[in-house]
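Chain A is the first sequence line, chain B the second, and so forth, proteins listed ahead of strands; every chain is numbered from 1. Computed from heavy atoms alone, side chains included, the values below leave out hydrogens, waters and symmetry copies. Nothing here was measured: the structure is a model prediction, and the numbers come from that model.
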Amino acid sequence: MYDFISSEKKWQDKWNDLKVGEVNYDSSKPKFFLIWAYLTVSGFHHVGHMRGYSYADAICRYKRMNGYNVLLPAGGHATGNGTISKAYNVRSKDPQTIEYYKELGLNEKDLEKISTPFGFINFFKNIYIKDYKSYGFIGDWRRFVVTTDKEYNKFIEWQFKKLKQKDLLVQKPYFATACVECGPVAVDPSEMDLKKGGNAQKNEYTILKLKFEKDNQYVVVATLRPETIFGQTNIWLDYNVTYTKLKVGEEVWIASKEFAEKLKYQKENIEILDEIKGKDLVGKYVTPPIINREIIILPSEFCDPNIGTGIVTSVPSDAPIDWIGLFDLQRSKELTEKYGLDFEELKKIEPIAIINSKGFGKFPAIEICKKYNINSQKDIEKLEEAKKEVYKKGFHTGVMLENAGKYSNLKVEQAKEEIRNDLIKSNLADIFYDLSEEVVCRCGKQVVIKKIDNQWFIKYSDKELTNNTISHIKDMLLLPEQYKKNLPNILNWFDDRACARQGNWLGTKFPFDKTYTIEPISDSTLYPIFYLVSLYINQGIVKEEQLTENFFDFVYLGLGDSEIISKEISLDIKLLLQIRKDVEYWYPLDINLGGQDHLTVHFPVFLMNHVALLPKKYWPKGIIVNWWVINKSGKISKSKGGVRSIGQEAKTYSVDAIRLFYSNIASPFVNIDFPEEDLIKYKQRLEKIYYFIVDLENNFKLLEIKNLNNIDRWLESKFNQRLKNIIGSMDKIEFKEATDDIYFNIYNDLHWYLRRGGNNKTLLKEIIKKWTLSFGLFTPHIAEELNEVLGNQELVSTSVFPKVNDSKIDESLDTNEKNIENISSEIRTVLKMANIEKPKTIKIIVSKSWKYDFYKDLKSELEVTRNVGQIISTLMSKYLDYKSEIGKIVPKLLKQPSLLENITSQELDLKFFKEILLFLESEFSTKMEIYKAENFNDLKSETASPAKPGIIVE
RNA sequence: GCUGGGAUUCCCGAGUGGUCAAAGGGGCAGGACUUAAGAUCCUGUGCUUAGUGCUUCGCAGGUUCGAAUCCUGUUCCCAGCACCA
């Protein structure tokens, strides 16, 4: 048995000992610089990570074998509060956390180590490098960086100073999600910061001020549809809830207590004045802005004081729930009287048509309630669905009706914006942000939306920056291809981004206000260039205090005087100049490879920061986005558990098989599963190839040393064709195509060669050797192992990738082999049809001579016209003797023009069949006979054609 | 909602106007080898037929001498979406 595990260890040690991945400035070689996007330091690697890394390593190995000096560094992203909360969970002995780590092999001592944020980071940092090596990735791990390193902080400080100097840092108010206790938190599905509510959306409500009883006193309602203001007939609140009067500036607002509390985070000078009971409001009237007619306050059961202001405006024409609410009241005298309302008065309220939407009449809400058969405001689920449908249709296809005043005939999409802006401008409305569901911080306290007055932003909206970036990406390698189309849209859409926050976070202190910490996305945009300095930092040659603004200005931007700077920071001038040279040598980055989660955030900011801060010659040259490994429950991610240990997987399937699986199972740009059966198949495939080559090697002495015959030349030609394809695929980063050729097609070619009696020792040796080298890209361990079996001294990893010998490619040799397959297949079909298993003889009748000429003429005629009648009449005049046959043959051939390819002549076909006679006889274990149609009296002699010789089995 | 992508023969997955009943892999079936099993190798795998003919590439139309491939409509599915790495 081929021992995958010990072979892996053996070659990994060798690569490590020979420091294949450790690279330095070398002006004699072209450089290639690739990174994979930072790994978040939050636990173990899983098989999803290994997918991207495998692609990165395959590209790097290919480049290395083509003479490039290849730099592949790595680093860990630890800023933010991920590590803080992970370490906290360990420290506080959260049972789930402890169990998880124990399952993955950590002992008590390890747990102790990872119970502080920095302990956690250091522990995993070492594991990561071990993981890279254990999967056979060759990189320069000396340069490993963690974003919480103090030297890294200096780099980020420098970056932000540069951003400021370029006027790309701006301050303005911002509404952020924040825990009332611990400050800003991220609300996202990974729920890194949260206990609950990761899927919540930030909604922007328009607060309408409805005048109530006296000037400057308003009942306020929150709406997402300010354009429906013209259809208001009443407002809703809860009869049993006690509302609050609050002072907002000079005004008094009436709303729920919960709203008042939340508003405090978004507005200054909020004061709670008084309480007012819902039942005291019901039946009274308010005056909404713009429409200026009184509408009544009515009770309902669907007003949640936690949502919006707890009071809702009612537009029964377009909001299903409003219509049903009204309907419930209008049909029950009993109910209205209970609330002390005038039943007859209430019945007079009618919906007001305001919007014309495609597929709906005047009152969409009423129609949809009928459609969904909604009869009561208690049908909450149906109402929700109905609301969505009406809203969607209205938003996209709706047009405002005449009663909308100056907004008449505007599209809803447009009217919504204008109405909102006008209302706010004239102080008739306000903005309020709220979360769509309850969100709870990890600490247990509520998460709200909080206004931050002087929030710092990176100005990604900057026109010049955006345009420069968009025009730069035209020249970039961007994979998948569709991303190239998508990226300009993303860049245009990308708005200013809040870049620093207060609270308990790891990261670089914001240089212009040290109470802020730079947030995690913003500190991981320019970092590939830091690997060029981290090499010296990690060796202890360059110290934190030497990483001044002038230092970075010089090494990254070439600014300043090296002698002065060298003295200023007491750094050897030779070293300073060397670092500058390194930067000039390695930059720009050739490829940044990362998962699809980076599509709309990381990659855009990575690009824009490079474009903003570095000279054009240092702008990145490529981005490759790989998709994920998913399982039944969705994306494999650490935060959701369900992580597979990469070590266990490697033991079970072998590293080479896993890597081949990633490259061959599908394109890098689709999500894949990680199914055991497939992994096993790939492992078996590798074993098959291994034993095939080992057996061949053992039998080399049985083979002949001789000149090339036809089948030898075919193999040589075919192999060179495959190699050419492989190289083409690798240049286009098409792993699936490349691995299909390497692990399947060439294998099949060699089998065919042997079956056809190929036994040329010199040729086979040469081809097997080259083939083995090609394994070095995807399955490097087995490649080295086989290379050693073949007696080669040099490592595959440092060998030169085989070159194509174009002069050996001769496609006519393929035709020959193809014809052999075809005739074999035809014979088999005939045998099956005739129901003969063991034929005594097989006769092949080669078509009559004239047909060869005729086929050739027909083919060239086809290039002139596709008109059947015309073709026939042209050809008939030339082949007068065969008129009746031509009439039958031509229409058939027109349907199957492939039969006209590669027509030679009767003599050549006779020769061909004689040459393969022995092969066919052994394939069918019988006697073969070959005849000219002219000399063989049988029906088959008439039907035999150049593309299909007659076959008679007996 | 915004932006982008997709639907192919039992499955995965190639395929962008004729050479396509459609690569490759898997599964399944038959055969060879083997004491046997497994592995390996060969063959087959839409229906039909002495090598023919017919029907297929989400659904419905259209352009063309010719469409899996182009156009229109339609249904369904997927991905990313800002203090989240």
Side-chain angles (χ1 to χ4, degrees), chain A residues 37-42 77 79-80 82 174 176-177 184-193 198 391-392 395-396 455 457 460 480 482-483 485-487 489-490 493-501 505 518-522 524 594-602 604-605 625 627-628 637 639 664-667 669-673 675 677-678 681-682 684-685 687-688 691-692 736-737 739-741 743-745 748 751 754-755 824-837 862 865-868 892 894-902 923 940 943 948 950-953:
Chain A
Y38 271 153
L39 168 73
T40 311
V41 181
S42 62
H77 194 254
T79 39
Y174 181 63
T177 48
V185 288
V187 175
D188 71 282
S190 78
E191 300 193 336
M192 197 79 97
D193 298 353
Y391 185 87
K392 208 168 153 181
F395 184 77
H396 285 105
Q455 173 66 48
F457 287 83
Y460 290 119
Q482 75 228 29
Y483 190 43
K485 217 161 80 184
N486 204 356
L487 198 46
N489 296 326
I490 297 171
W493 157 88
F494 212 100
D495 205 352
D496 297 345
R497 187 186 171 91
C499 62
R501 52 191 186 181
W505 314 93
I518 292 169
E519 66 86 27
I521 296 286
S522 302
S524 54
Q596 63 169 336
D597 41 351
H598 295 122
L599 282 167
T600 39
V601 183
H602 169 68
V605 294
V625 190
W627 263 231
W628 280 318
S637 79
S639 52
N664 188 257
I665 192 74
S667 118
F669 317 123
V670 293
N671 283 335
I672 55 172
D673 209 337
E677 318 85 71
D678 286 357
K681 287 293 159 199
Y682 280 103
Q684 285 171 350
R685 164 67 43 176
E687 277 176 332
K688 213 152 108 169
Y691 287 110
F692 177 72
K736 165 92 176 140
E737 286 76 359
T739 49
D740 269 349
D741 274 328
Y743 299 91
F744 296 95
N745 294 335
N748 291 345
H751 268 278
L754 296 177
R755 201 168 134 207
S824 308
S825 173
E826 298 266 308
I827 294 171
R828 266 185 217 104
T829 311
V830 175
L831 284 171
K832 201 175 142 203
M833 291 301 119
N835 209 6
I836 296 175
E837 265 188 44
L862 265 183
T865 176
R866 293 265 173 179
N867 185 310
V868 189
K892 256 190 209 173
L894 285 183
K895 283 177 105 174
Q896 244 186 312
S898 60
L899 294 177
L900 294 170
E901 296 298 317
N902 306 312
E923 279 288 297
K940 294 285 171 194
T943 53
K948 285 184 176 245
I951 295 164
I952 298 170
V953 296

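At the heavy-atom level, A:A176 lies nowhere under 4.0 Å from the strands shown. Nucleic acid contact class of A:G595 (heavy atoms, under 4.0 Å, all strands): none. Within 4.0 Å of A:V953, counting heavy atoms only, lies at least one base atom of the nucleic acid. Residue contacts for A:Y483: at a heavy-atom cut-off of 4.0 Å it reaches no nucleic acid atom on any strand shown.
Between B:G17 and B:C71, the two P atoms lie 11 Å apart (nearest whole Å). Taking the P atoms as reference points, B:C57 lies 14 Å from B:C70, given to the whole Å. Straight-line distance between the P atoms of B:U69 and B:U19: roughly 13 Å, to the nearest whole Å. Separation of the P atoms belonging to B:G5 and B:U9 is 23 Å when rounded to the nearest angstrom. Nucleotides B:G51 and B:U56 have their C1' atoms positioned 22 Å apart, rounded to a whole Å. Remark: the separation of the C1' atoms in B:C10 and B:U64 is 34 Å, to the nearest Å. B:A7 and B:C41 are spaced 37 Å apart, taking the C1' atom of each and rounding to whole Å. When the C1' atom is compared between B:C47 and B:C59, the two are found 23 Å apart, to the nearest whole Å.
Distance CG (A:L487) to P (B:G80): 17 Å, rounded to an integer number of Å. Whole-Å rounding puts the A:Y682 OH to B:G25 P distance at 10 Å. For A:W627 and B:G80, the CH2 to C1' distance is 8 Å, given to the nearest whole Å. Distance CG (A:D597) to C1' (B:A82): 14 Å, rounded to an integer number of Å. At whole-Å resolution of the value, CD1 in A:I521 and P in B:A82 are 10 Å apart. For the pair A:D741 CG and B:G25 P, the computed distance is 12 Å after rounding to whole Å. Rounded to an integer number of Å, the gap from A:F494 CZ to B:G80 P is 16 Å. Rounded to whole angstrom, the span from the NE2 atom of A:H598 across to the C1' atom of B:A82 amounts to 13 Å.
Counting heavy atoms from C-beta outward, A:T600 and A:F494 have side chains that stay 4.5 Å or more apart. At a threshold of 4.5 Å between non-hydrogen side-chain atoms, the residues A:R497 and A:V601 count as touching. A heavy-atom distance below 4.5 Å is found between the side chains of A:Y460 and A:V605.
Considering every non-hydrogen atom in both A:I490 and A:Y483, the closest pair reads CD1-CE1, 4.0 Å. The minimum heavy-atom distance between A:A37 and A:H598, with the atom names listed, is CB-CE1, 3.7 Å.
Figure legend. B:A79 is base-paired to B:U3; pairs are counted as Watson-Crick or G-U wobble with both atom distances under 3.5 Å. The base-pairing partner of B:C47, taking Watson-Crick or G-U wobble contacts with both distances under 3.5 Å, is B:G53. A 3.5 Å limit on both hydrogen-bonding distances identifies no Watson-Crick or G-U partner for B:A68. The base-pairing partner of B:C59, taking Watson-Crick or G-U wobble contacts with both distances under 3.5 Å, is B:G73. In this structure B:U34 sits in no base pair that meets the Watson-Crick or G-U test at under 3.5 Å.
When the nearest nucleotides of RNA chain B are assigned to A:R497 and A:F744 by heavy-atom distance, the more 5′-ward of the two goes with A:F744. Each of A:Y38 and A:I951 was assigned the nucleotide of RNA chain B with the nearest heavy atom; the assignment lying further toward the 5' end belongs to A:I951.
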Could you encode protein contacts along nucleotides 8-16 of chain B as a string, one character per nucleotide from 5' to 3', using B for base contact, S for sugar-phosphate-only contact and - for no contact, with a heavy-atom cut-off of under 4.0 Å? -----SS--
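No donor-acceptor pair under 3.5 Å is formed between the side chain of A:N671 and the backbone N or O of A:W627. Between the side chain of A:H77 and the backbone N or O of A:P520 there is at least one donor-acceptor pair closer than 3.5 Å. Using modelled atom types, no side-chain atom of A:Q455 and backbone atom of A:A176 make a donor-acceptor pair closer than 3.5 Å. At least one donor-acceptor pair closer than 3.5 Å links the side chain of A:R685 to the backbone N or O of A:Y743.
Checking B:A79, B:G4, B:G44 against the side-chain heavy atoms of A:W628 singles out B:A79 as nearest. Comparing B:G80, B:G4, B:C81 by their nearest atom to the side chain of A:Q596 picks out B:G80.
Listed pair A:N489 / B:G4 meets the phosphate criterion, a side-chain N or O lying under 4.0 Å from OP1 or OP2.
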Atom pairs, protein N/O to nucleotides 37-43 of chain B N/O, distance under 3.5 Å:
residue : atom : partner : partner atom : Å
B:C41   : OP1  : A:Y747  : OH           : 2.5
B:C41   : OP2  : A:K688  : NZ           : 3.4
B:C42   : O3'  : A:R755  : NH1          : 3.3

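Legend: residues meeting side chain to side chain contact (heavy atoms under 4.5 Å, CB included) with A:K736, ordered by chain and number and at least two apart, are A:N664, A:D740.
Using modelled atom types and a 3.5 Å distance limit, the side chains of A:E826 and A:T829 yield no donor-acceptor pair.
Taking the six-membered ring for Trp and the full ring otherwise, the centers of A:H751 and A:F692 sit less than 6.0 Å from each other.
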